[in-house]
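Order of the sequence lines fixes the chain letters, A, B, ..., with proteins taken first and strands second; residue numbering starts at 1 for each chain.
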Amino acid sequence: MGTGSLGRTWPAKNKWQIPGGYENGENINSQSLPIPNQKNGGQRTVHVLHNSEQPASVFAILEYGNKVVPLIADRLFDLVILKMTNVCTDKKQTKIECKGPRFELVDFCIKLGSVTMTQNFKGVLVEIEYRPSVVPANCWELIREFVQGFLGSAVSSQIPQYLQNRMNEIYQPMDTIHQYLEHFGQYRKSTGVI
Amino acid sequence: MEQLQISLSALKVLRSSVGQVFYSLANGIRAEHGEDNKENKYLLELQELLTTVGTNLRDVEQAVNSLNPPPGPFNLGNTAYLGQETTQDRQALYGTLVNVYKWTDKAHEYSNAAHQILSQNSLKRSSMNSNRAKRNRIQTGAHNFSPPQVDQVMASFDRLYSDMSISITRPFTSNAVIHVTLGHVLKAIIAFKGLMMERVVVKSYNEQLDLWSESRYKVFQRVTDHAHATMLHFYNPNFPELTLKSFFAWFHSFISLFSDSCKRCGLYLHSALPPTWRDPKSLDPYHFECKP
Ligand SMILES: [Zn+2]
């Protein structure tokens with residue numbers, strides 16, 4: 001499933017209607033829950049994310065120095081994380097959510113999520129997925145045309161950093177998670193919370 | 001039949017106008033009647049509605065009067081015995097039976113239409129021999145190829161393109177069904193009779209292939225339709241390998257299905273679909289709406 005997701009802050013009042021597309025009430029709901037771990041000196045962060053597109057899975061990304069370890073587990077993993085939060089120091093836990101309507105137009109899937117960080121509105125993320133194609137490189141230009149078609153030429157044509165060296169690989173659900181995390185990281189930095 | 005249709009619709013109109021009266025009665029005086037004279041206005045509205053009911057009633061009576069009562073009971077034939085069925089699970093059979101009749105009628109109608117259209121367009125899938133002496137000999141049509149011969153031809157096409165792989169299965173007797181994988185773009189399943197293509201289904205790279213279900217994506221549903229058209233376009237009963245060669249060349253051009261822009265309008269998308277049509281000669285990509 002080829003996806004390009006691009007981040008962009010947007011005034012909250014805009015309403016969206018896609019002619020010919022149909023809306024369903026499903027929300028994308030990705031939340032992030034970093035846990036600082038002070039053992040062995042270096043700082044480790046576990047990001048736990050849920051995506052309503054894969055409701056039975058929990059995505060976890062462990063950041064340790066320059067290393068990144070991704071993990072996909074079933075919902076029981078949430079309980080493990082719950083136990084871990086008691087062990088770790090529970091300071092500076094941030095929870096970021098991205099919720100909004102999901103549209104389908106022919107084979108495209110469009111999600112408009114407003115990002116909230118501990119109840120504060122941060123911005124809007126637009127995710128465009130072109131589901132027939134599994135390799136990002138094949139459909140990148142097509143997605144770009146689609147996005148610029150409704151967001152205007154202000155949208156940059158640049159490939160998101162995460163995708164840059166994965167353009168010719170088969171797209172996985174984890175790739176979407178990584179891209180959301182990248183954007184959440186930027187929102188966190190802009191507020192000064194780690 | 002037409003009279004019955006008219007009276008039924010007249011009855012429907014009557015019911016809806018009666019419904020209007022009750023709706024108005026149930027709501028009583030509403031805000032749109034204003035402040036002054038609201039009772040009078042409400043009464044006028046009711047009166048108007050009642051007049052409509054009267055007119056509609058007259059229409060129904062007229063329509064009913066022009067109907068002829070059916071002569072005697074309907075003859076249901078053997079199906080009448082279904083009413084005497086005592087087993088619980090067979091009592092609902094009558095409705096199903098009527099549906100079956102409707103379906104057979106429809107199938108009959110469609111096949112008649114198809115027959116007519118096909119007889120106008122001579123798409124002959126086998127070469128008929130009018131010569132009587134020759135007719136008794138085994139014909140070398142596209143469908144008379146032995147499995148090893150078919151395997152050999154398929155293997156040659158498998159080697160032809162590096163990004164297109166072909167595998168053969170034979171789920172139905174000796175006829176080959178091949179799975180074609182085109183890069184990471186799409187997959188197709190093609191059913192053969194000898195070396196004659198019978199059916200093509202194109203799906204996305206991550207979908208399950210089978211002969212009977214179509215892709216869940218609109219793009220591949222379109223490509224499947226075009227593949228059927230192209231399969232007939234290239235068809236030549238005397239040179240089956242040439243047919244296949246042209247078809248696979250056409251099919252291979254879909255390697256860039258998502259990365260080609262339309263030759264005419266220069267855009268990637270037209271009503272949210274990429275160019276799914278390929279010119280059979282030049283293999284240039286076009287949107288179906290833009291094709292020359
Ligand atoms: Zn076009």
Part of B/Leu267 lying under 4.5 Å from any heavy atom of chain A | both
Heavy-atom check, side chain of A/Val135 versus side chain of B/Tyr205, under 4.5 Å = no
A/Ser133 vs B/Tyr217 side-chain heavy atoms within contact, under 4.5 Å | no
More than 12 heavy atoms of other groups within 6.0 Å of B/Glu289 CD = yes
Does CD in B/Gln149 sit with more than 12 non-hydrogen atoms of other residues, nucleotides or ligands closer than 6.0 Å?
-> yes
Does the side chain of B/Asn206 reach to within under 4.5 Å of the side chain of A/Tyr171, using non-hydrogen atoms?
-> no
Note: B/Ala272 and A/Phe108 closest approach over all heavy atoms is O-CE1, 3.6 Å
A/Glu141 side-chain N/O to B/Tyr268 backbone N/O, donor-acceptor pair under 3.5 Å | no
For A/Tyr130 and B/Val219, run side-chain contact (heavy atoms from CB on, under 4.5 Å): C-alpha distance rounded to whole Å, both residues' side-chain angles, the deciding distance at 0.1 Å, then the answer.
-> CA-CA 11 Å; A/Tyr130 187 61; B/Val219 201; 3.1 Å; yes
Proximity breakdown for B/Ser261 and chain A, heavy-atom pairs closer than 4.5 Å | neither
Mind checking the OG-CG spacing from B/Ser204 to A/Asp107? Nearest 0.5 Å is all I need.
-> 9.5 Å
Determine whether more than 12 heavy atoms belonging to other residues, nucleotides or ligands lie under 6.0 Å from atom CD of A/Gln164.
-> yes
For the atom pair CG (A/Asn138) and NE2 (B/His184), what is the distance rounded to the nearest 0.5 Å?
-> 9.5 Å
B/Arg15, CZ: over 12 other non-hydrogen atoms inside 6.0 angstrom = no
Okay, B/Leu269 and chain A: the region with an atom under 4.5 Å from a heavy atom over there is both
